[in-house]
Amino acid sequence: MRVSCTRSDPLIAISTGQSNSKGLELKIHPDANEGAVHVGGLSVPFHDTLAPEDSRDTVVLVHGTGGSAKTHFRTLFPMLAARYRVLALDLQSPDGELTLGGLSAQVAAVIDQRAPAQPVHVVGYSLGALVAADLAASRPESVSSLTLVAGWVRADTQQRLRNRIWKQLFESDQDLLREFVTWTAYGHPFLAGRGEADIRALVDARTFPDGIAGQMRLNAVADLSGRLAAITAPSLVIAGAHDQMVPARQTQLLFGGLPNARYAVIDSGHAVPQERPAQLFQLINEFVTDPAAAPAGGIREALFV
Amino acid sequence: MESTPMGYPAPGSPVDVIIVGTGFGGLGMGAKLAREGERSFIILERAEDVGGTWRDNHYPGAACDVPSLLYSFSFRPNPEWSRMFAPQEEILNYLRSVAREENLLERIVFGAELTDARWDEAEALWKVSTPKGEFAAKTLVTAVGHLSEPKMPDIEGLADFSGEVFHSAQWNDGIDLAGKRVGIVGSGATAIQVLPEVAKIAGEVVVFQRSAPYVTPRPDRSYTEEEKGLFRKMPEVMQELREEMFWSNEERYAQRRGTPTLVSAAAQVALDHLHRQIEDPELRRKLTPDYTFGCKRVLKSSDYYPTFTQDHVRLETGGVTRVEGNRVVGGDGGSHELDVIIACTGFEATDLPIAYRIFGRDGQPLSERWANGMQAYATTAVHGFPNLWIINGPNTGLGHNSAVYIAEAQIDYIMAAVTFRDQAAVPALEVSREAEDAFMDRVDQLAQGTVWLDGGCSSWYVDHRNGRLTTLWPEPAYTFRQVNAPFDPEPYLAGSLDEAREEALAGVR
């Protein structure tokens with residue numbers, strides 16, 4: 001274990017991956033059962049807090065590009081686990097072309113094997129939001145509510161421009177890409193509120209796992225146009241006000257297209273689960289507790305502070 | 001600051017509300033009442049100035065470890081904070097300006113320590129005694145804080161110490177510490193602020209630590225002129241920063257739920273801080289906590305650890321065993337001749353002294369109701385004590401966020417309760433015992449599995465009399481407001497035997 005380092009903010013330490021003093025990687029939550037579900041030749045890992053006689057609702061977490069349950073939901077998972085059974089998975093990349101349908105089939109397989117009895121609350125973040133929407137459209141009977149965080153309908157020219165820069169840097173200069181991704185992932189207030197050492201730690205912690213290039217290709221071409229109107233599940237659409245990867249206007253189009261949606265905005269960049277996990281939890285928790293409580297088409301106001 | 005007597009009620013003429021205390025809780029309550037303008041009220045203050053804990057704790061280095069834009073009233077944002085974490089004097093001046101600009105000074109009775117408050121059933125009034133006279137009110141709101149009564153350590157021979165002894169909250173400005181040999185008893189939130197300042201002037205300093213705290217960096221800096229100008233011209237920017245600070249603090253709540261990944265990540269931040277600032281392995285070992293992160297208050301300081309690297313500063317890890325003349329003997333055998341002892345030993349947080357002075361229905365003292373630990377419905381109302389509401393009472397502390405946010409939620413509750421009562425034209429509201437017990441059961445449940453109960457430390461968060469978490473709110477701060485700010489009359493009706501009263505209340509439900 002590295003003893004001396006430059007990070008000085010708990011938030012940043014949380015995003016850098018954790019191991020205990022023996023060097024073993026800790027589970028995302030002490031109550032999480034870990035395992036894998038096999039689907040289409042892939043082994044899809046899951047983290048499931050299911051305990052005997054736990055009759056609480058199930059919340060399914062679907063991470064985004066380049067992430068995993070642990071990197072994207074490190075803080076959100078335990079917060080939700082205090083109130084719900086939480087089931088998160090690590091999306092896998094097939095040898096062939098990556099599609100929304102292929103990814104949502106992974107989610108469906110995990111749900112079918114781990115939580116088949118009742119419809120579940122699905123929370124998708126970033127690319128995971130598109131996967132979750134695809135699932136809700138193709139398997140409405142499995143989804144009791146749908147929360148889409150920093151998602152979009154179809155990449156616009158701003159998003160595709162960033163995607164092209166990403167691709168070129170991925171192929172030519174991954175050190176610079178780490179800086180570029182850090183710059184685009186977090187909101188201005190979040191980055192500006194940190195010291196240089198903290199920013200350095202964020203950059204250093206950035207990794208490009210296998211399959212990320214395929215996910216980036218999918219980000220550029222994925223298209224939910226025309227499919228949202230068929231999604232009847234109560235939905236909550238959450239945008240990051242300072243999101244540079246998926247500008248809030250793009251996320252708002254999900255709200256525009258979903259017939260049974262509410263909208264909320266968080267003062268964060270794209271990295272909502274890292275920048276504002278507590279506020280994200282508050283919004284998800286209130287929505288999931290009673291998805292129809294707030295009227296469709298309404299805007300959820302931020303809590304008084 | 002002088003009190004003007006024009007706001008005093010004439011003897012024998014009751015006011016609507018008596019508030020006790022002029023810290024954030026009391027002044028916030030007063031400001032809301034004054035802005036509403038519907039009710040007469042006075043505020044009783046035992047000292048000669050406002051400010052509560054921020055008036056008393058004027059020791060060198062005193063500051064808040066919640067950033068000032070968050071540690072201030074939502075309805076009085078202050079663009080003039082000099083720094084992110086303003087020093088004590090600025091916070092005190094902020095409270096003075098609140099008292100002045102919310103027109104509260106004329107309603108404050110200074111030098112009026114509440115010595116006795118009794119519920120008069122026949123008149124449905126609280127009768128209150130103070131050195132400045134007797135007062136009466138329909139409603140009594142106490143806002144005395146849980147960090148207001150200094151707790152001196154129980155050390156053999158301390159009373160006979162041949163040098164000077166004082167508590168950090170009763171700082172003796174008459175003693176010049178320059179060149180003196182000073183002992184600091186304690187290593188909590190106060191000690192870590194006091195030590196760096198005292199070490200600058202004292203000839204020798206010994207810290208008597210019982211248990212090493214977790215200390216994290218304090219990301220303090222001054223605000224630029226441009227920032228302050230922006231805050232003045234666009235106050236909404238202050239609100240954005242306030243919300244950022246609030247939600248960032250809320251995230252720390254997840255660490256307190258005892259999730260190993262988050263607890264170890266947070267603890268690592270503190271341990272990295274220690275390793276960066278202290279190189280000597282022996283000193284590091286002494287300053288390394290032996291309990292779970294977050295079980296006791298997590299402290300913030302960037303200059304505490306470096307102070308120990310100075311030659312004239314020493315650390316004793318076994319606390320203080322006894323005092324003999326001018327010699328202070330530590331638990332690990334170290335013994336030091338000292339001129340001054342500063343007790344940074346905290347406050348009576350679980351056994352509130354004011355509870356011994358409040359007598360409810362049938363003359364029952366609040367301290368008796370609370371003999372096995374504090375409890376209150378919605379953290380503010382106690383069965384047997386009609387028309388009494390308590391700010392900063394049981395389960396109002398936070399391990400991770402701003403106490404002012406909590407007080408504001410309670411003030412909203414009390415305003416709604418009083419308004420309801422007066423509209424219903426009932427003389428008194430008294431919460432049912434059943435509702436109070438059910439509320440506490442719920443708090444107990446929420447506290448299970450938190451680091452405060454399971455973290456293997458002893459702290460002022462837990463009442464040793466019943467093992468319950470009675471001072472802290474065991475949930476995120478935002479749920480405190482959701483649970484405890486909205487007023488629901490129902491718990492005040494259950495168990496009522498008075499049919500006429502029931503009907504009156506039913507009419508306004």
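What you see is a predicted model; the values in this text were computed from it and never measured. Chain letters run A, B, ... following the sequence lines, proteins first, then strands; residues in each count from 1.
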Is the number of heavy atoms from other residues, nucleotides or ligands under 6.0 Å of [X] [atom1] greater than 12?
X: B/Glu236; atom1: CD; answer: yes
X: B/Arg76; atom1: CZ; answer: yes
X: B/Glu282; atom1: CD; answer: yes
X: A/Arg300; atom1: CZ; answer: no
X: A/Glu196; atom1: CD; answer: no
X: B/Arg83; atom1: CZ; answer: yes

Item checked: Residue part contacting chain A, namely of B/Leu241, when any heavy atom lies under 4.5 Å -> neither
Notebook entry, point to check: Any ion pair linking B/Glu475 and A/Arg83 (charged N to carboxylate O, less than 4.0 Å)?
Noted result: yes
Side chains of [X] and [Y]: closer than 4.5 Å at any heavy-atom pair?
X: A/Pro189; Y: B/Glu240; answer: no
X: A/Asp267; Y: B/Glu244; answer: no
X: B/Glu251; Y: A/Thr75; answer: yes

What's the shortest heavy-atom distance between [X] and [Y], and which atoms?
X: A/Lys27; Y: B/Thr261; value: O-CG2, 3.0 Å
X: B/Leu262; Y: A/Pro78; value: CD1-CG, 3.6 Å
X: B/Ser74; Y: A/Val305; value: CB-O, 4.2 Å

Next item on the list: Report yes or no: do A/Gln282 and B/Glu250 form a side-chain donor-acceptor pair below 3.5 Å?
Entry: no
Notebook entry, point to check: Non-hydrogen atoms of chain B under 4.5 Å away: do they reach the side chain of A/Ile28, the backbone, both or neither?
Noted result: backbone
Notebook entry, point to check: In terms of heavy-atom proximity below 4.5 Å to chain B, should A/Phe77 be classed as side chain, backbone, both, or neither?
Noted result: neither
Checklist line | Derivation of the side-chain hydrogen bond (donor to acceptor under 3.5 Å, both in side chains) call for A/Glu286 and B/Gln482 | finding: CA-CA 11 Å; A/Glu286 274 169 33; B/Gln482 290 182 321; 2.5 Å; yes
Next item on the list: Please check if the side chain of A/Arg276 supplies one atom and the backbone of B/Trp247 the other of a donor-acceptor pair under 3.5 Å.
Entry: no
Checklist line | Euclidean distance, B/Tyr405 OH relative to A/Phe304 CZ, rounded to 0.5 Å | finding: 8.0 Å
